[in-house]
Amino acid sequence: MKSAVETLNPTRVRLTVEVPFEELKPSLDAAYKKINQQVTVKGFRQGKIPARVIDQRFGRGAVLEEAVNDALPKFYTEAVNEGELNVLGQPEVDITELKDGELLAFTAEVDIRPALEIPDYSGIEVEVDAVEVSDEDIDKSVEQLRERFATTSPVERGAQDGDVLTLNLEAKVDGEVLEDGVAQGVTYTVGSGELLDGIDEAVTGVEAGGTATFTSELKGGSAEGKESEVTVEVTEVKSRELPALDDDFAQLASEFDTLEELRADSRKRLEQMKKYDQATQAQEKVLDELLKLVEVPMPEKLLEDEIQTRKHNLVNHQLGQMGLDLAKYLEIQGKSEEEFDAETKEQAEKGIKTQFILDELVNKEKLNVSQEELTEHLMRRAQSSGMSPDQFAQAVVEGGQVPMLVGEVARGKALAVVVEAATVKDSNGEVIDLDDEDETAETVEAADAPKAEAADAAETEGDEKSEA
């Protein structure tokens, strides 16, 4: 076999391959054997039909077609390896010559990973938010905890803001009660804004046993978007009572004996959360600066596939689970289809660039992934997917996604190397030392990686996947 590589552009090549006919013999033998098992000829046992009889009855062309289809992947792979190409996706193959007994020639056009030059990145400098926890932040945190321990008790008075009501609802459109417009025993907190527009005003002042009618645009169901006359019956009114902010509350809501200890712990937790957010912000900004430093040619076919994969995952998974279609989603987001397409393309380009650059850094820095690192990453991915580690690991292995996870960990380590070399200052001008942020590095990388490759094997099992 002879092969040659022609560079069409920085991200695409054309392979020209010539195969002497004798190298097709194993595939020809396999083709005759396969056809033998599929056909019957009078006078011959199945599987024992001579090759000349198959040629006479079914045509030599059918045998050659079967043999070439069997042989092409092998010769294409040999040509790729011979050319030391890092290919992306599936090739476009064209058989240019097939002479029985003499020669098979074909071309294969395929995207390749572009060669990248990674410049010195040690001069990257970014600014992040300072870690500052105010007394107001602590008050808010403690108040949220206090809300969780609120109690309710029935009251004989009109409903007020913050009360918890039990409601029966009936919605009419054009005077007709909707089949899906009746609900019984609905629990609703006045002022929460969780039901229909106008309901807070309608129920305020209504006692248990009272009713009110108001007009509102329906947010879902068979008459979504239509104006409806809604009748609401208040069957119960309960006031919410918050526990007093004292040592007794601290003992009720936590492992601490005093309110002061609880507040101190809240401050510590908030500081940890803000440090985590600070580290994530640093990595996102460092990554953005790194992307600006490197010129990355974009494989058009890969980009097209990535855009389609992102759209597919959004429409068929995220929106499908919420009962939305793309048109409704765009309406809620206040975006046109053109704006959505432009954003999706921008995100896809960033994801592909991120993967290419970090993969190049993995090679440049000679980064390896240990079994322990892979196991820790798998545990985190399993937790985020809602599966047990064993279930997730099984899904990953069965889906052939282990190399994908290894790549995620390696790229996370590559980004951590860049962040370590960068100068990170907070908004107060203080230099930040990010020593304990290994976990967040891969979080940022996974968020920007191409969805076709980084899609969770467990969550998208059965989906079409790009060969990115």
Side-chain angles (χ1 to χ4, degrees), residues 8-14 85-93 108-116 284 287-288 290-360 381 384-385 399-401 403-405 407-408 411-412 415 442-468:
L8 304 178
N9 61 50
T11 64
R12 194 164 180 83
V13 297
R14 178 188 292 122
L85 301 174
N86 195 339
V87 299
L88 303 166
Q90 297 299 320
E92 295 178 4
V93 177
E109 288 191 16
V110 65
D111 284 337
I112 60 169
R113 188 179 291 264
L116 301 179
E284 290 172 345
L287 177 60
D288 286 340
L290 178 64
L291 293 178
K292 293 176 186 177
L293 292 178
V294 187
E295 187 68 31
V296 181
M298 187 58 55
E300 293 183 8
K301 183 66 167 60
L302 178 64
L303 177 59
E304 179 184 332
D305 290 345
E306 179 62 22
I307 291 171
Q308 292 304 316
T309 299
R310 287 174 181 257
K311 283 185 176 180
H312 175 84
N313 288 343
L314 174 66
V315 172
N316 293 280
H317 292 280
Q318 295 165 275
L319 298 185
Q321 291 175 356
M322 294 186 290
L324 298 175
D325 58 17
L326 183 58
K328 186 63 178 177
Y329 169 75
L330 294 179
E331 179 184 336
I332 294 172
Q333 294 291 314
K335 297 177 184 176
S336 66
E337 190 168 347
E338 291 74 20
E339 290 172 328
F340 169 75
D341 287 342
E343 287 182 7
T344 303
K345 181 180 179 182
E346 182 180 354
Q347 293 165 358
E349 286 181 339
K350 182 179 180 181
I352 292 171
K353 286 181 179 180
T354 297
Q355 182 175 319
F356 284 172
I357 292 172
L358 294 181
D359 282 346
E360 187 66 29
R381 289 292 300 273
S384 65
S385 71
Q401 300 299 315
M404 178 196 75
L405 290 187
E408 288 180 359
R411 288 189 284 272
L415 180 56
E442 61 187 88
T443 302
V444 176
E445 188 279 318
D448 283 316
K451 301 300 180 186
E453 178 162 333
D456 191 329
E459 292 180 349
T460 59
E461 189 173 357
D463 280 0
E464 298 177 2
K465 290 186 174 63
S466 162
E467 297 289 335

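One distance of note links CD1 of Ile357 with CG of Leu293; it measures 8.5 Å at 0.5 Å rounding. The distance from the CD atom of Glu349 to the CD atom of Gln347 is 11.0 Å, given to the nearest 0.5 Å. Summarising the geometry, atom NZ belonging to Lys311 is positioned 12.5 Å from atom CG belonging to Asn316; distances are rounded to the nearest 0.5 Å. Residue Glu304 holds its CD atom at 10.0 Å from CG of Asp111, rounded to the nearest 0.5 Å. Expressed to the nearest 0.5 Å, how far OG1 of Thr354 lies from CG of Asp359 amounts to 10.5 Å. For the atom pair CD (Glu109) and CD (Gln90), the distance works out to 14.5 Å, reported to the nearest 0.5 Å.
In plain terms, the two heavy atoms of Arg113 and Gln355 that are nearest each other are NH2-NE2, 3.8 Å. Of all the heavy atoms in Gly89 and Val110, the pair that sits closest is O-CG2, 4.1 Å. In this structure, Val315 and Leu319 approach most closely via the heavy-atom pair O-CB, 3.8 Å. Among all heavy-atom pairs drawn from Leu8 and Arg14, the shortest one is CD2-NH1, 3.7 Å. Minimum interatomic distance between Met298 and Leu303 (heavy atoms only, all atoms of both residues): CG-CD2, 3.8 Å. The minimum heavy-atom distance linking Leu116 with Pro297 is given by the pair CD2-CD, 4.1 Å.
Counting heavy atoms from C-beta on, the side chains of Thr11 and Leu302 never come closer than 4.5 Å. A heavy-atom distance below 4.5 Å is found between the side chains of Leu326 and Phe340. Side chains of Asn9 and Glu300 form no contact here, defined as non-hydrogen atoms less than 4.5 Å apart. Leu358 is listed as a side-chain neighbour of Leu290, based on a closest heavy-atom distance under 4.5 Å.
Between Arg310 and Glu343 there is no salt bridge, since none of the side-chain N atoms of the basic residue sits less than 4.0 Å from a carboxylate O of the acidic one. By the 4.0 Å N-to-carboxylate-O rule, Arg381 lies close enough to Glu408 to be salt-bridged with it.
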Chi angles and distances behind the side chain to side chain contact (heavy atoms under 4.5 Å, CB included) call for Lys328, Asp325: CA-CA 5 Å; Lys328 186 63 178 177; Asp325 58 17; 3.1 Å; yes
Derivation of the side chain to side chain contact (heavy atoms under 4.5 Å, CB included) call for Leu324 and Ile332: CA-CA 10 Å; Leu324 298 175; Ile332 294 172; 4.1 Å; yes
Residue pair Asp305, Lys301: steps toward the salt bridge (charged side-chain N to carboxylate O under 4.0 Å, His left out) verdict: CA-CA 6 Å; Asp305 290 345; Lys301 183 66 167 60; 3.1 Å; yes
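The neighbour count for Glu339 CD, taken as heavy atoms of other residues, nucleotides or ligands under 6.0 Å away, is above 12. Counting non-hydrogen atoms of other residues, nucleotides and ligands closer than 6.0 Å to CD of Glu295 gives a total of 12 or fewer.
If you run side chain to side chain contact (heavy atoms under 4.5 Å, CB included) between Asp341 and each of Lys345, Glu337, Glu338, only Glu337 comes through.
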